[in-house]
Amino acid sequence: MIAEATTPSIDALKSYSLGLETVASKSEEASIPYFKHAVELDPKFAMAYAYLGLIYGSTGSSELATLNIRKAYELVNRVSDNERFFISAYYYGRAAGNQEKARQICEEWAETYPGDPIPHGFLAGFIYPALANYDKAIEEARKGMEIAPDKGFFYVFLGVNSLYAGRLNGSEEALRRASERKLESVKLLLVQYDLAFLKDDRKGMQQAVEAAQGKPDSMDWMADRQAFSLAYAGRLQRARVLSHQAIQLAQQQGDLRKNSIQQLAEVPA
C-alpha cells in the first residue's frame, strides 16, 4: 500500500511506504535503508527525513536523529498541514529541546486531526516522559490505543510509563492486552523483563530472555538488560561478559545501539 506523503517522486514514495511497512512488520532498524533510499531519490522529501530522525532517536543515535529532523524542519514549508504538525512536534522535542512547545503542537494536532494516533504517540512516547509527567503519558497511551488498537507501540508506552510511575498493574495490563491482540515487539519483551525484574520474578525474567532467543533484533537488547540486572546485583564480572556479548550482537546487526550499550562494558570487575 502506498502511503500519503509530499514528494513528486513516485519511486521515493514507494521506498518511503516500504519503510513504514517494515517498521510495522519487522523492526525500526530494518526500515532505515528504505527511508534513506527515499531521500536519495528525493533530497527534499521532508517526511522521509522526519522518519529517519524518529527512528534514529528511538534506536539510540541522537546525533543522527537531530541531523535528520533539522533537515525535515528546513523543508517544512513544502509539506501538508498534518505533516507540518509531525515534523514541528518532533523538531521542537528532539532538536530544539523545547518539550513544552512540542506538547502544545501535539495538543493542537490532536484537536485538528482527532482520528490520528501519532500526536498521542509523541506525547506518550517522549514528550510527557521527558517532562517526567508519567500520569499524562499513560493517559495519552490509552487514547492512542483507543484510536489505533493494533499499534504495538502504544502498549509499549503504557507498559514503560506505568513502570516509571510505579504502577506495575498498568504494565501487566499492557502486556496482557498486547498478547490478546497477538502483538509482538522487542520493546514489549523488554517491558516483560523489566516488570519481572521489579517483581523479583526470576522465572518471568528467564521467560523474556528465552522469548528473545533466535531473534537478532531482540537478543542484543536482552543481553544488555541482563547485564544491567547482574550489575545491580553486584555480579560485575558476569555483567561485563553479557555487556560485551550485547555489543557483539549489535555489531553483527550493523546496529546503532552499540554506543549506548558500550557504557556498561567499562565497569571494572
Side-chain angles (χ1 to χ4, degrees), residues 20 23-24 27-28 31 47 50-62 65-66 69 72 82-181 183-195 198 221 225:
L20 295 179
V23 170
S27 69
E28 293 171 322
S31 73
M47 280 301 292
Y51 262 98
L52 277 171
L54 185 67
I55 290 166
Y56 281 132
S58 179
T59 54
S61 184
S62 295
T66 300
I69 193 57
N82 198 332
E83 292 171 325
R84 177 180 59 81
F85 277 123
F86 185 111
I87 292 168
S88 299
Y90 195 59
Y91 170 80
Y92 279 101
R94 164 65 66 178
N98 188 339
Q99 303 300 335
E100 183 58 29
K101 178 69 172 177
R103 181 191 65 78
Q104 293 171 5
I105 292 170
C106 283
E107 290 188 351
E108 182 184 354
W109 183 8
E111 290 177 5
T112 306
Y113 297 95
D116 191 337
I118 302 300
H120 302 288
F122 278 14
L123 288 165
F126 77 93
I127 294 172
Y128 279 128
L131 294 169
N133 192 338
Y134 303 117
D135 289 342
K136 288 293 290 183
I138 290 168
E139 180 183 329
E140 292 297 329
R142 292 188 183 280
K143 287 179 182 178
M145 288 164 66
E146 291 176 6
I147 297 170
D150 288 323
K151 295 292 186 184
F153 54 81
F154 285 115
Y155 300 85
V156 173
F157 296 155
L158 175 59
V160 169
N161 286 299
S162 294
L163 289 176
Y164 289 154
R167 300 181 185 177
L168 302 191
N169 58 339
S171 296
E172 291 170 347
E173 177 197 350
L175 292 171
R176 175 180 55 77
R177 293 179 65 179
S179 178
E180 288 171 353
R181 301 195 78 87
L183 300 174
E184 297 180 357
S185 75
V186 177
K187 292 180 180 178
L188 282 169
L189 283 177
L190 297 179
V191 171
Q192 180 183 340
Y193 184 90
D194 291 345
L195 175 63
L198 290 172
W221 278 111
R225 275 300 200 280

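The structure presented is a predicted model; accordingly, all values stated were derived computationally and were not measured.
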4.5 Å side-chain heavy-atom contact, [X] and [Y]:
{"X": "Arg94", "Y": "Ser62", "value": "yes"}
{"X": "Asn161", "Y": "Pro129", "value": "yes"}
{"X": "Leu168", "Y": "Ser162", "value": "no"}
{"X": "Phe122", "Y": "Leu54", "value": "yes"}
{"X": "Leu20", "Y": "Tyr51", "value": "yes"}

Can you tell me how far apart [atom1] ([X]) and [atom2] ([Y]) are? Round to the nearest 0.5 Å.
{"X": "Arg103", "Y": "Lys136", "atom1": "CZ", "atom2": "NZ", "answer": "8.5 Å"}
{"X": "Phe153", "Y": "Met145", "atom1": "CZ", "atom2": "CE", "answer": "11.5 Å"}
{"X": "Leu52", "Y": "Met47", "atom1": "CG", "atom2": "CE", "answer": "11.0 Å"}
{"X": "Ile69", "Y": "Tyr91", "atom1": "CD1", "atom2": "OH", "answer": "9.5 Å"}

Please find the pair of heavy atoms, one from [X] and one from [Y], that lie closest to each other, and give the distance.
{"X": "Val160", "Y": "Val191", "answer": "CG2-CG2, 3.7 Å"}
{"X": "Ile147", "Y": "Pro114", "answer": "CD1-O, 3.5 Å"}
{"X": "Ala124", "Y": "Ala141", "answer": "CB-N, 3.6 Å"}
{"X": "Ile127", "Y": "Cys106", "answer": "CD1-SG, 3.6 Å"}
{"X": "Ser171", "Y": "Gly159", "answer": "OG-O, 2.6 Å"}
{"X": "Ala102", "Y": "Tyr92", "answer": "N-CB, 4.1 Å"}

Relative to the ring of [Y], is the ring of [X] parallel (under 30°), tilted (30 to 60°) or perpendicular (over 60°)?
{"X": "Tyr134", "Y": "Tyr164", "answer": "tilted"}
{"X": "Phe126", "Y": "Tyr90", "answer": "perpendicular"}
{"X": "Phe154", "Y": "Phe157", "answer": "perpendicular"}

Is there a side chain to side chain donor-acceptor pair (under 3.5 Å) between Glu28 and Ser58? Walk through the geometry before answering.
CA-CA 8 Å; Glu28 293 171 322; Ser58 179; 3.0 Å; yes
The test is side-chain contact (heavy atoms from CB on, under 4.5 Å); show your working for Ile138 and Arg142 and say whether it passes.
CA-CA 6 Å; Ile138 290 168; Arg142 292 188 183 280; 3.9 Å; yes
Distance-only, no hydrogens or angles: does the [X] side chain make a donor-acceptor pair with backbone N or O of [Y] under 3.5 Å?
{"X": "Ser179", "Y": "Leu175", "value": "no"}
{"X": "Gln99", "Y": "Leu131", "value": "no"}
{"X": "Arg181", "Y": "Pro149", "value": "yes"}

Start with the C-alpha distance between Asp194 and Lys187, add both sets of side-chain angles, then the distance that settles salt bridge (Lys or Arg N to Asp or Glu O under 4.0 Å), and finish with yes or no.
CA-CA 10 Å; Asp194 291 345; Lys187 292 180 180 178; over 6 Å; no
What's the verdict on side-chain contact (heavy atoms from CB on, under 4.5 Å) for Ile118 and Trp109, showing C-alpha distance, side-chain angles and the deciding distance?
CA-CA 9 Å; Ile118 302 300; Trp109 183 8; 3.5 Å; yes
For the pair Glu146 and Lys143, evaluate salt bridge (Lys or Arg N to Asp or Glu O under 4.0 Å) and give the outcome as yes or no after the intermediate values.
CA-CA 5 Å; Glu146 291 176 6; Lys143 287 179 182 178; over 6 Å; no
Can you tell whether the side chains of Glu173 and Arg167 come within less than 4.0 Å, N to carboxylate O?
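No salt bridge links Glu173 with Arg167.
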Derivation of the salt bridge (Lys or Arg N to Asp or Glu O under 4.0 Å) call for Glu172 and Arg176
CA-CA 6 Å; Glu172 291 170 347; Arg176 175 180 55 77; over 6 Å; no
Could you give me the CA-CA distance, side-chain angles and deciding distance for Glu180 and Arg177, then say whether salt bridge (Lys or Arg N to Asp or Glu O under 4.0 Å) is met?
CA-CA 5 Å; Glu180 288 171 353; Arg177 293 179 65 179; 5.6 Å; no
